[in-house]
Enquirer: 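Have a look at this one.
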2 protein chains.
Amino acid sequence: MHIFSKACEYSIKAVIFLATRTESDQRMRLREVSKAIGSPEAFTAKILQQLVRQRVLKSVKGPGGGFCLQEDARNIALYRIVLAIDGDSFFTDCAMGLKKCSETQPCPIHKKFRPIRDEIKEMLINTTILETAKSVQKGECVLKFFKHRE
Amino acid sequence: MHIFSKACEYSIKAVIFLATRTESDQRMRLREVSKAIGSPEAFTAKILQQLVRQRVLKSVKGPGGGFCLQEDARNIALYRIVLAIDGDSFFTDCAMGLKKCSETQPCPIHKKFRPIRDEIKEMLINTTILETAKSVQKGECVLKFFKHRE
DNA sequence: ATAAAATAGGATAAAAAGGTCCGAATATAT
DNA sequence: ATATATTCGGACCTTTTTATCCTATTTTAT
Ligand code: SF4
Ligand code: SF4
C-alpha cells in the first residue's frame with residue numbers, strides 16, 4: 001500500500017537532486033547520488049541506467065564521469081518520471097482490481113475515487129523538476145531525513 | 001503502484017458482497033464469496049479468516065455454515081477494512097519514502113500530496129459498507145466484471 | 001454414533017519487488 | 001599506451017506478496 005514503487009521514489013529523488021546540482025552540467029557520481037537521497041547504491045545504479053535509457057539523464061563513463069540531467073530535463077514533470085518507472089497502471093487500472101471496467105460497470109468506489117486519482121495525476125503533471133529542485137535549494141524540503149539540521 | 005494490496009481489494013469486495021446478502025444472517029460459503037468477487041478461493045479463505053479475527057465477519061463451520069457479517073458491520077467504514085488488512089502505513093508514511101518526516105523537513109511533494117492523501121482517508125472514513133452494498137444491489141456498480149450484462 | 005460439509009491453519013510454492021555482486025565496457029588523465 | 005575511474009549489464013540473492021494444497025477441526029444432519 002504505497003503509491004510509488006521504491007524504484008520510482010528513488011528516481012524522483014535522484015532526478016531532483018541532480019537538478020539541484022546541474023549548473024553547467026556538473027556531473028555527479030553514483031555514490032554521491034545515492035548518498036544524497038539515502039538509497040542503496042547498487043539498486044540506484046539500475047534505476048539511473050533506466051533513466052538514461054528513458055532520456056531523462058545523461059551518463060559519462062570513466063574518470064570525471066557520472067550522471068547529469070539531459071538538456072531540458074529541468075522542465076519535465078514528475079509525471080514523466082513516474083511513467084518511465086512505474087508506468088501508468090495506477091491511473092488506468094481499477095482501484096479495486098476489476099480486470100475490466102466500464103462506466104456502466106464501475107467498481108464500488110469508482111465515483112469517489114476517480115476524481116482523487118485524477119487530482120494526483122494533475123498534481124504530478126503540474127509539478128516540474130525545476131520547481132521541486134528550487135524548493136530543496138531553499139531548504140523548504142529535503143530528499144533525505146537529517147537527524148541534526150545544520 | 002497500486003493503492004490497496006490484493007488482499008485488501010478482496011477484503012473490501014467480500015465484505016460488500018456479504019452485506020448485499022445479509023438479510024437475516026444468510027450465510028455464504030467461501031466458494032460463493034470467491035465466485036462473486038472473482039478471487040482465488042484459497043487465498044480468499046485466508047483473508048476471510050483474518051476478517052473473522054478482526055471481528056468484521058462471523059464464520060460457522062459445518063453443513064449450512066459459511067461467512068456473514070458481524071452484527072453492526074453494515075455500518076462500518078471502508079477505512080476499517082483497509083486498516084485491518086493493510087494497516088495505516090499509507091496514511092502515516094512518506095510518499096517519497098523518507099524514514100522520518102517533520103513539518104520542517106518534508107519531502108518535495110509533501111505540500112501537494114498531503115491534502116490529497118487526507119482526501120482519500122476521508123473518503124474511506126465516510127463510505128460505509130451499507131452504502132456501497134446498496135449501490136451494488138441497485139446495479140450501479142459491480143464487484144466483478146461481467147462480459148454479458150444480464 | 002457416524003458421515004458429510006464446512007472453516008481453520010500450517011506448509012509450501014510461485015511471482016513480484018527490492019537489492020547485491022562482479023566482470024565487461026568505456027572514457028579520461030597522465 | 002597505460003592505469004584508473006567510472007558506468008553498464010547480466011546473474012544472482014532476499015523479502016514480501018500472492019496463491020495453492022493438504023490435513024485437522026468443528027458443526028450439522030441423519
Ligand atoms: S470503476 Fe473506476 S476505479 Fe474501478 S476500474 Fe473503472 S475506473 Fe478504475
Ligand atoms: S513530507 Fe509529507 S509525504 Fe513526506 S513524510 Fe512527511 S508527511 Fe509524508
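By convention in this document, chain letters (A, B, ...) are assigned in the order of the sequence lines, proteins followed by strands, and residues within each chain are numbered from 1.
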Enquirer: Side-chain N or O of A:Ser59 versus OP1/OP2 of D:dT6: is the shortest distance under 4.0 Å?
Expert: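 No.
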Enquirer: What is the distance, rounded to the nearest whole Å, between atom CZ of B:Arg29 and atom C1' of D:dT28?
Expert: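 My rounded result for the distance is 14 Å.
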Enquirer: I'd like to know if B:Glu9 and B:Lys6 make a salt bridge, using a cut-off of under 4.0 Å between side-chain N and carboxylate O.
Expert: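 A salt bridge links B:Glu9 with B:Lys6.
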Enquirer: Rounding to an integer number of Å, can you tell me how far A:Gln49 CD sits from C:dA24 P?
Expert: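 A:Gln49 atom CD is separated from C:dA24 atom P by 16 Å.
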Enquirer: Rounded to the nearest Å, what distance is computed from the CD atom of residue B:Glu9 to the P atom of nucleotide D:dA19?
Expert: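 Whole-Å distance recorded here is 10 Å.
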Enquirer: When you measure from the side-chain N and O atoms of A:Tyr10 to the phosphate of C:dG19, is any distance below 4.0 Å, counting only OP1 and OP2?
Expert: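 So the side-chain polar atoms of A:Tyr10 do come within 4.0 Å of the phosphate oxygens OP1 or OP2 of C:dG19, strictly under.
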Enquirer: Please figure out whether A:Lys61 or B:Gly62 has its closest DNA chain D nucleotide nearer the 5' end.
Expert: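 First, find each residue's nearest nucleotide; the 5'-ward one identifies A:Lys61.
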Enquirer: Report the distance from atom CD1 of A:Ile47 to atom P of C:dG18, rounded to the nearest whole Å.
Expert: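 After rounding, the gap between these two atoms is 9 Å.
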Enquirer: How many Å lie between CZ on B:Arg31 and P on D:dT20, as a whole number?
Expert: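 Distance, rounded to whole Å: 13 Å.
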Enquirer: Contact class for B:Arg53 (heavy atom, under 4.0 Å): base, sugar-phosphate, or nothing?
Expert: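 Sugar-phosphate only.
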Enquirer: Is A:Glu140 paired with A:Lys134 through a side-chain N to carboxylate O contact shorter than 4.0 Å?
Expert: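 The answer is no: the pair does not qualify as a salt bridge.
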Enquirer: Check whether A:Thr132 reaches the backbone of A:Ile129 with its side chain - one donor and one acceptor, N or O, closer than 3.5 Å.
Expert: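 Yes, because the side chain of A:Thr132 sits within donor-acceptor range (under 3.5 Å) of the backbone of A:Ile129.
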Enquirer: Using atom CG of A:Leu57 as one end and atom P of D:dT6 as the other, report the distance to the nearest whole Å.
Expert: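 The answer, rounded to whole Å, is 17 Å.
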Enquirer: Specify the separation, in whole Å, of atom CD of B:Glu41 and atom C1' of D:dT20.
Expert: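 That distance rounds to 11 Å.
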Enquirer: Is the shortest heavy-atom distance from the side chain of B:Leu69 to the side chain of B:Leu57 under 4.5 Å?
Expert: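 A side-chain contact exists here, since the closest heavy-atom pair is under 4.5 Å.
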Enquirer: Are any of the side-chain heavy atoms of B:Ile120 and B:Ile3 separated by less than 4.5 Å?
Expert: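 With C-beta onward as the side chain, the pair touches.
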Enquirer: If you find the nucleotide of DNA chain C closest to A:Ser5 and the one closest to A:Gly65, which residue's nucleotide is nearer the 5' end?
Expert: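 By nearest-heavy-atom nucleotide position, the 5'-most residue is A:Ser5.
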Enquirer: Compare the minimum distances between each of C:dT7, D:dT6, C:dG19 and the side chain of A:Pro40, then state the nucleotide with the smallest one.
Expert: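 Among C:dT7, D:dT6, C:dG19, the one nearest the side chain of A:Pro40 is C:dG19.
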Enquirer: Taking atom P of D:dT18 as reference, at what distance in whole Å does atom NZ of B:Lys6 sit?
Expert: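 Roughly 8 Å, once rounded to whole Å.
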Enquirer: Pick the nucleotide of DNA chain C nearest each of B:Leu48 and A:Ala42; which residue has the one closer to the 5' end?
Expert: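 The residue closer to the strand's 5' end, by nearest nucleotide, is B:Leu48.
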Enquirer: Side chain of A:Lys46, base of C:dG18: donor and acceptor closer than 3.5 Å?
Expert: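 No, the side chain and the base share no sub-3.5 Å donor-acceptor pair.
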